[in-house]
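Some notes on the structure that comes next.
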Amino acid sequence: MSGPVNPIFYKCFVKADAFTASDACIGCGQCAKRCPMNNVTLKDGKPVWGKNCTHCMACICYCPKEAIEYGKKSVGQPRYHFEAL
Ligand code: SF4
Ligand code: SF4
């Protein structure tokens, strides 16, 4: 049902631009490993997000140091783990 609007919706609203990693990052690579879109790479030990994000939130939720934020929206919010993963 959402097929016709998906191209515009994704292009306008589904982006990884707001992701950042704080100094708490230890460079473990979990964010890159968990991303199903291969959209996260480590550069100089810190994650860098590309343009192929589907907003699954695996990178932010599985960071063991809670070092990732999505702008200000995620600050103070709980991280969700899907144990089947
Ligand atoms: S999962 Fe967290 S600690 Fe590990 S590299 Fe990514 S941001 Fe850094
Ligand atoms: S939200 Fe999901 S798809 Fe987007 S960068 Fe993070 S893990 Fe990858």
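In each ligand, atom 1 is the first atom listed, and ligand 1 is the first ligand listed.
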Tell me the protein heavy atom at minimum distance from [atom], and give that distance in Å.
{"atom": "atom 8 (Fe) of ligand 1", "answer": "C25 SG, 2.3 Å"}
{"atom": "atom 7 (S) of ligand 1", "answer": "I68 CG1, 3.6 Å"}
{"atom": "atom 2 (Fe) of ligand 1", "answer": "C63 SG, 2.3 Å"}
{"atom": "atom 4 (Fe) of ligand 1", "answer": "C28 SG, 2.3 Å"}
{"atom": "atom 3 (S) of ligand 1", "answer": "I26 N, 3.4 Å"}

Polar protein atoms (N, O or S) that approach atom 8 (Fe) of ligand 2 to under 2.8 Å:
C35 SG
Is any side-chain heavy atom of [X] closer than 4.5 Å to a side-chain heavy atom of [Y]?
{"X": "P64", "Y": "Q30", "answer": "yes"}
{"X": "F82", "Y": "M57", "answer": "no"}
{"X": "C25", "Y": "P47", "answer": "yes"}

Mind listing the closest non-hydrogen atom pair of G29 and L42 along with its distance?
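Result for this residue pair: CA-CD1, 3.7 Å.
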Those residues at least two apart in sequence (or on a different chain) that pass ring-ring contact (aromatic ring centres under 6.0 Å, His included) with Y80 are none
Please could you name the atoms of ligand 2 that M57 approaches to less than 4.0 Å, counting only its heavy atoms?
1 (S), 2 (Fe)
Proximal ligand 2 atoms for F19, defined as those under 4.0 Å from one of its heavy atoms
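Result: 1 (S).
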T54 side-chain N/O to C56 backbone N/O, donor-acceptor pair under 3.5 Å:
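No, T54 side chain to C56 backbone: no donor-acceptor pair under 3.5 Å.
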Counting distance only, does the side-chain N/O of N52 pair as donor-acceptor with the main-chain N or O of N38 below 3.5 Å?
no
Applied to residues 24-49, the ring pair (Phe, Tyr, Trp, His ring centres under 6.0 Å) test, sequence neighbours excluded, yields F19-W49
Decide if atom CG of N6 counts as having more than 12 heavy atoms of other residues, nucleotides or ligands within a radius under 6.0 Å.
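Atom CG in N6 is crowded, with more than 12 foreign heavy atoms closer than 6.0 Å.
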Of all the atoms in ligand 1, which lie at a distance below 4.0 Å from a heavy atom belonging to [X]?
{"X": "Q30", "result": "1 (S)"}
{"X": "G27", "result": "5 (S), 8 (Fe)"}
{"X": "P47", "result": "7 (S)"}

Nearest 0.5 Å please: distance from the OG1 atom of T41 over to the NZ atom of K46.
14.0 Å
Write out all pairs satisfying salt bridge (charged side-chain N to carboxylate O under 4.0 Å, His left out) with one or both partners inside residues 63-74, taking only residues at least two apart or from two chains.
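Qualifying pairs, neighbours excluded: E69-R79.
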For ligand 1, is there an atom lying under 4.0 Å from some heavy atom of P64?
yes
